[in-house]
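Worksheet: the structure to be examined is printed underneath.
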2 protein chains.
Amino acid sequence: MLSIEQIKYFLAIVEYGSLNKASQYLFISQPALTKQLSLLEKSLGCSLLLRTPTGIKLTPAGRYFYERCNLIMETINETIKQIKSFDKENVIRIGGLPNLITYFLPKYIEKLKMMNYEVYIEAMHTNSQLINSVRNGFLNIAFVSDAVQESDIAIVPLVVEPFFVVMSASHPMVKTEEIDFLSVVKEKLILYKAPCPIRAAIRNHCSLMGVTPNITLELELTESLINYVEKGFGITIVPKMVADSMSSQGVIAREIKKFPLHRVVSAVLKKDCVSSYKSLLFDI
Amino acid sequence: MLSIEQIKYFLAIVEYGSLNKASQYLFISQPALTKQLSLLEKSLGCSLLLRTPTGIKLTPAGRYFYERCNLIMETINETIKQIKSFDKENVIRIGGLPNLITYFLPKYIEKLKMMNYEVYIEAMHTNSQLINSVRNGFLNIAFVSDAVQESDIAIVPLVVEPFFVVMSASHPMVKTEEIDFLSVVKEKLILYKAPCPIRAAIRNHCSLMGVTPNITLELELTESLINYVEKGFGITIVPKMVADSMSSQGVIAREIKKFPLHRVVSAVLKKDCVSSYKSLLFDI
DNA sequence: TGAATTTACGATGGACGTAACAATG
DNA sequence: CATTGTTACGTCCATCGTAAATTCA
């Protein structure tokens with residue numbers, strides 16, 4: 001049976017290039033290491049390295065196994081590190097939608113570090129992933145957009161912010177005095193693919209107003225909307241905090257004034273934790 | 001010390017919902033399981049599950065650990081599966097660029113299966129990844145595009161194929177009788193980001209002819225060029241075998257007749273393996 | 001001969017099982 | 001009292017270390 005010890009031994013052998021040196025590093029005798037290595041090879045049914053009088057040399061299978069062992073050990077070590085933080089009092093795990101993490105969380109994180117918390121940050125792309133992580137205890141707090149109330153979990157509204165249109169500087173709409181939502185959704189829209197809370201908010205606003213958005217391009221959640229706007233493929237709609245922090249030259253952000261839509265940024269936390277985190281959330 | 005056995009035990013406990021049932025499934029006594037579980041929790045410094053008279057209930061840390069254990073075991077099992085195939089005589093590992101895998105390999109694979117080989121397929125995005133995999137023995141054969149000869153490895157040319165332009169049906173160039181490369185690269189080009197052998201071939205052809213391609217959109221290697229052509233963002237250039245197998249209605253593929261460019265599809269293999277795979281590569 | 005790995009074998013400790021115990025509904 | 005999990009203790013096998021053997025430069 002493969003064991004973690006054997007994996008560690010194998011990694012040491014490869015890294016030190018000899019059983020001898022590896023055995024010294026591992027504080028075991030060299031015969032013991034030989035034994036474990038042959039047991040490992042036997043259990044895998046495959047030769048991993050060639051023994052030479054000058055040291056060892058990896059076989060193809062050995063090279064593959066070495067890479068995989070590194071991956072396995074990294075996964076295990078990361079797991080142990082996370083787990084060890086779970087029962088520590090001064091650790092707080094915070095999650096949020098990527099744009100909230102980027103633009104909104106920094107001030108909270110500063111404050112938490114002042115209070116001697118170790119902070120773990122985790123970005124997730126959907127509200128439901130985040131809410132579930134709070135529910136099952138992986139996150140202490142999650143920051144979401146337009147979440148609906150649920151019975152078992154507290155959703156605390158924090159800010160309401162308007163949406164902005166982002167378009168290239170040469171776009172005719174730049175000259176319009178008061179930008180309205182109905183004109184905006186007739187333009188070529190670039191949005192993220194579902195599931196994306198902003199996309200959902202726009203669709204919802206559209207159906208309330210009885211129009212269909214003209215979505216011409218749908219991006220993966222990992223790509224940058226602004227890049228595509230800059231290249232002239234269309235316009236996009238982003239929340240104020242994203243618009244505020246844009247630095248691109250070629251694009252312009254303008255608030256949607258007529259028939260505006262807003263999003264509510266909320267904190268999600270367990271009901272019995274609301275009181276303990278209340279001061280953190282509001283005293284800013 | 002964390003061990004793989006402990007991970008397996010923990011997974012069984014969670015899945016069976018009780019130490020009792022898990023111990024039966026694992027063919028060990030229930031006290032032994034209790035012992036291992038408490039050792040695990042002690043080594044992690046963290047409680048993983050709450051014991052109740054009706055069974056067990058996961059703590060947040062336990063839920064996290066459960067997910068990670070699944071990931072770890074999947075990684076380990078996949079590794080063992082791959083390794084076991086390494087020294088088997090009847091296993092052959094083949095790699096290739098994604099489009100070669102999709103359009104070109106199937107006939108080889110059929111043939112290999114006829115010959116009672118177990119075939120492992122691995123797609124990689126660059127020639128150099130593939131060539132390295134052959135060099136270090138992870139792959140027996142790799143199919144690449146426009147590879148240059150290297151001293152230590154054999155590169156066997158297999159087919160030369162022309163490139164096609166892909167454009168929307170309404171594009172003016174559809175009406176041109178003889179499509180030429182110089183006009184094509186003046187159009188809005190959609191290509192994959194570097195590193196991409198096709199992109200490299202196009203850039204190379206351009207610099208030979210003293211022109212600059214008008215690349216307006218660069219996609220991630222995981223996205224579909226054709227989708228973006230269909231939506232009217234520009235045109236693209238693909239090898240014949242990709243063009244031949246397109247089924248989209250809205251787009252049309254036409255061969256580049258004037259100043260054409262070609263790609264050479266080659267098989268990469270170790271020099272001392274050429275003779276043994278020769279019949280496979282050419283007898284089709 | 002010296003540097004490497006492998007084989008042989010006795011010692012030790014960790015993991016197991018049995019049996020007895022404790023708690024909950 | 002039936003089901004759950006825990007504690008106690010003796011047994012046994014896996015892994016270790018020491019020492020001797022082997023192989024290659």
Side-chain angles (χ1 to χ4, degrees), chain A residues 1-59 61-63 65-66 69 73 76 80 87, chain B residues 1-63 65-66 69 72-73 76 80 87:
Chain A
M1 256 301 301
L2 181 66
S3 75
I4 293 179
E5 286 293 290
Q6 286 176 336
I7 292 177
K8 285 186 184 167
Y9 289 179
F10 178 71
L11 288 175
I13 294 170
V14 175
E15 275 150 22
Y16 284 85
S18 108
L19 290 176
N20 236 307
K21 288 174 195 149
S23 72
Q24 287 166 33
Y25 162 76
L26 293 166
F27 297 106
I28 61 169
S29 72
Q30 192 255 32
L33 195 52
T34 295
K35 194 73 178 292
Q36 284 308 311
L37 180 60
S38 24
L39 282 174
L40 174 62
E41 288 181 319
K42 196 178 158 195
S43 85
L44 294 174
C46 183
S47 162
L48 296 174
L49 36 82
L50 306 169
R51 284 73 157 175
T52 74
T54 56
I56 56 104
K57 205 172 163 307
L58 284 171
T59 64
R63 265 188 293 272
F65 191 62
Y66 176 70
C69 284
M73 288 315 300
I76 291 176
I80 293 174
D87 275 5
Chain B
M1 257 298 304
L2 180 65
S3 75
I4 294 179
E5 287 293 289
Q6 286 176 337
I7 292 177
K8 285 186 185 169
Y9 288 179
F10 178 72
L11 288 175
I13 293 170
V14 175
E15 276 150 22
Y16 284 85
S18 107
L19 290 176
N20 237 305
K21 288 175 196 150
S23 72
Q24 288 166 33
Y25 161 76
L26 293 166
F27 296 105
I28 60 169
S29 71
Q30 194 254 34
L33 197 54
T34 295
K35 193 75 178 292
Q36 286 306 313
L37 179 61
S38 24
L39 282 174
L40 174 63
E41 288 180 319
K42 196 178 160 197
S43 85
L44 294 173
C46 182
S47 162
L48 297 174
L49 35 83
L50 308 168
R51 285 74 158 173
T52 73
T54 56
I56 56 104
K57 207 171 162 305
L58 283 170
T59 63
R63 265 187 293 272
F65 191 62
Y66 176 70
C69 284
I72 292 165
M73 288 313 299
I76 291 175
I80 294 174
D87 275 5

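- Nearer the 5' end of DNA chain D, as judged by each residue's closest nucleotide, is the contact made by A:Y9, out of A:Y9 and A:P31.
- Nearest-nucleotide assignment on DNA chain D puts the 5′-proximal partner with B:L37, out of A:Q6 and B:L37.
- For the OP1/OP2 pair of C:dT6 and a distance below 4.0 Å, the side-chain nitrogens and oxygens of A:R51 include at least one atom meeting the criterion.
- At whole-Å resolution of the value, CD in A:Q24 and P in D:dG17 are 13 Å apart.
- Residue B:Q30 has no polar side-chain atom (N or O) positioned under 4.0 Å from OP1 or OP2 of C:dC16.
- Atoms CG (B:L2) and C1' (C:dG14) sit 16 Å apart, rounded to a whole Å.
- Within the structure, a side-chain polar atom (N or O) of A:N20 is placed less than 4.0 Å from OP1 or OP2 of C:dT5.
- Following rounding to the nearest Å, A:K35 (NZ) and C:dG10 (C1') show an atom-to-atom distance of 12 Å.
- Rounded to an integer number of Å, the gap from B:K42 NZ to D:dT7 P is 12 Å.
- One interatomic measurement links the two molecules: CD1 of A:I56 to P of D:dC24, which rounds to 18 Å at whole-angstrom precision.
- At D:dT6, one or more side-chain N or O atoms of B:T34 fall inside 4.0 Å of OP1 or OP2 (strictly under the cut-off).
- Counting to the nearest Å, the P atom of D:dA14 and the CE atom of A:M1 are 13 Å from each other.
- Note on A:S38: nothing from the nucleic acid sits closer than 4.0 angstrom, heavy atoms only.
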